[in-house]
Visitor: 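Pasting in a structure now, in structure tokens, and then I'll have a few things to ask.
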Amino acid sequence: MSTSLSQCLGIAYPIISGGMVWASGWRLAVAVSEAGGLGLLGSGSMTPQVLAHHLEQALGSTSAPVGINVPLMHEHAAENIQVALDHGIKVFFTSAGSPRQHTERLKARGAFVAHVVPSVKLALKVEAAGCDAVVAEGTEAGGHNGFEEITSLVLWPAVASAVRIPVIAAGGIADGRGMAAAMALGASAVQVGTRFALTKESSAHENFKAAALLAEDTAVKLYLRRFMPTRAIVNDYLGRVMAAEASGATTAQLLELLGRGRAKRGIFEGDVVEGELEIGQVAGHIDDIPTAAQVVERMMCGYRETVARLPV
Ligand SMILES: Cc1cc2nc3c(=O)[nH]c(=O)nc-3n(C[C@H](O)[C@H](O)[C@H](O)COP(=O)(O)O)c2cc1C
């Protein structure tokens, strides 16, 4: 299956595994790219040294294209971009910051640049900054979210109508039906997080994966809505923070409750009680841990079946 975007990226299927802190290391990125999609390394939880290691492992394991996600608020963002450029990486997905920050420099090095947004207003800024594509991420998505809380069903077609660059749909896609919906609403590719976080190659802890399989869709909540909206599974930690939010805690009080390293503790170290378990709403409908290649294969089969049985 070929779209102009998949041709431009040199991939067989327009399926991208989103960069995910503590979950998308080189094993997952390589598995997705080897299966015909595009695997992104999540540099948001990596120091430049750790990223260099992941890049070397990835580049030594596949000749398929591999990209990198760079959350621009991350303390090592600029250094990590340089490390990736030094390793010959040509595909950058930036997020959580201004698309103007690094796009010109990356384009001058011949790179493909996409930037993640939660609204039409920001999508227009991405286009104006000279990015090659925009990732439109609905509020269903796992991890950090926009303040706007716009759902995928509303966001994707609105962004597709507003910009001329290709739109990559994200937020709530876990199977071929979701992919078909995204493509019908104007997307040229899909970026999938939660479904790939719950695969064998994901570096997330087994406890995290087990908790996500058990979670119902109602157990996945958006919290910190006023200063850093994040979607995660409700546990003791989240319950305390949400109660504090509801009783009007100040940002300073919330920051004190959060402390540091909650995402690492939850996703990577497997503390499902006191860690932050970032995941998307769609986790409520996921009940197995397949390989990443199985996810790609099932998604493509499901996509074709869905499109074939649509009434005309
Ligand atoms: C555990 C987890 C960590 C994430 N970390 C990041 C990140 O570091 N940078 C980023 O741009 N997006 C991050 N995301 C968002 C994904 O890249 C992707 O856009 C999103 O998960 C898509 O929605 P879905 O979860 O419904 O598939 C994360 C998502 C999850 C589930």
Side-chain angles (χ1 to χ4, degrees), residues 3-6 14-20 38 40 44 69 71-73 93-100 103 113-197 217 220-232 278-286 299 303 306-307 310:
T3 66
S4 55
L5 188 65
S6 61
I15 299 174
I16 298 160
S17 60
M20 293 178 281
L38 174 70
L40 299 185
N69 165 247
L72 298 174
M73 64 179 184
F93 278 52
T94 53
S95 56
S98 165
R100 278 185 316 210
T103 300
V113 185
H115 188 84
V116 185
V117 298
S119 69
V120 169
K121 193 172 160 193
L122 290 175
L124 290 167
K125 291 192 175 170
V126 169
E127 184 168 55
C131 290
D132 298 283
V134 59
V135 181
E137 189 189 65
T139 188
E140 297 89 331
H144 291 182
N145 251 262
F147 289 98
E148 298 81 354
E149 299 186 25
I150 302 171
T151 59
S152 291
L153 198 69
V154 171
L155 180 68
W156 297 336
V159 171
S161 299
V163 300
R164 284 180 302 272
I165 53 176
V167 176
I168 300 166
I173 303 166
D175 60 21
R177 294 171 301 175
M179 181 176 170
M183 303 303 267
L185 291 172
S188 300
V190 294
Q191 172 169 298
V192 175
T194 296
R195 179 61 282 193
F196 283 119
D217 46 12
V220 180
K221 300 276 190 212
L222 195 62
Y223 82 125
L224 302 176
R225 287 170 120 134
R226 275 183 289 128
F227 81 102
M228 194 174 49
T230 307
R231 192 171 290 286
E278 294 182 21
I279 205 77
Q281 275 181 340
V282 77
H285 304 293
I286 290 176
M299 199 170 277
Y303 171 78
T306 304
V307 172
L310 284 177

Visitor: I'd like to know if R225 pairs up with E149 as an ion pair, taking the criterion as any Lys NZ or Arg NE/NH1/NH2 lying under 4.0 Å from an Asp or Glu carboxylate oxygen.
Guide: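 Salt bridge between R225 and E149, a charged N being under 4.0 Å from a carboxylate O: yes.
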
Visitor: For R226, look at atom CZ and say whether over 12 heavy atoms of other residues, nucleotides or ligands are found less than 6.0 Å away.
Guide: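 Yes, the 6.0 Å shell around CZ holds more than 12 heavy atoms from other groups.
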
Visitor: If you apply the rule side chain to side chain contact (heavy atoms under 4.5 Å, CB included), what do you find for H144 with M73, and how did you get there?
Guide: CA-CA 12 Å; H144 291 182; M73 64 179 184; 3.3 Å; yes

Visitor: Taking all non-hydrogen atoms of both residues into account, name the closest pair between V120 and A158 and its distance.
Guide: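 Minimum heavy-atom contact is CG2-CB, 3.6 Å.
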
Visitor: Side chain to side chain contact (heavy atoms under 4.5 Å, CB included), that's the test. Do R195 and I173 meet it? Break it down for me.
Guide: CA-CA 8 Å; R195 179 61 282 193; I173 303 166; over 6 Å; no

Visitor: Spell out, as yes or no, whether a donor-acceptor pair under 3.5 Å connects the side chain of D132 to the backbone of V113.
Guide: yes

Visitor: With distance as the sole test, does H115 use its side chain to make a donor-acceptor pair with the main-chain N or O of R100 at under 3.5 Å?
Guide: no

Visitor: Give the minimum heavy-atom separation between M183 and Y303, together with the two atoms involved.
Guide: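 Looking at all heavy atoms of both residues, the shortest contact is CG-CE1, 3.8 Å.
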
Visitor: Could you please spell out the steps behind the side chain to side chain contact (heavy atoms under 4.5 Å, CB included) verdict for V117 and K125?
Guide: CA-CA 9 Å; V117 298; K125 291 192 175 170; over 6 Å; no

Visitor: Could you check T139, I279, T194 and say which one makes a side chain to side chain contact (heavy atoms under 4.5 Å, CB included) with R231?
Guide: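 With R231 as partner, T139, I279, T194 yield a single side chain to side chain contact (heavy atoms under 4.5 Å, CB included), made by T139.
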
Visitor: Return the CD1 to CG distance between I16 and L5, rounded to the nearest 0.5 Å.
Guide: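 CG of L5 is found 6.0 Å from CD1 of I16.
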
Visitor: So, W156 side chain and A136 main chain: donor-acceptor pair closer than 3.5 Å or not?
Guide: yes

Visitor: Identify the two heavy atoms, one from P157 and one from S152, that lie closest to each other, and give their separation to 0.1 Å.
Guide: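 Shortest heavy-atom separation between P157 and S152 comes out as CD-O, 4.1 Å.
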
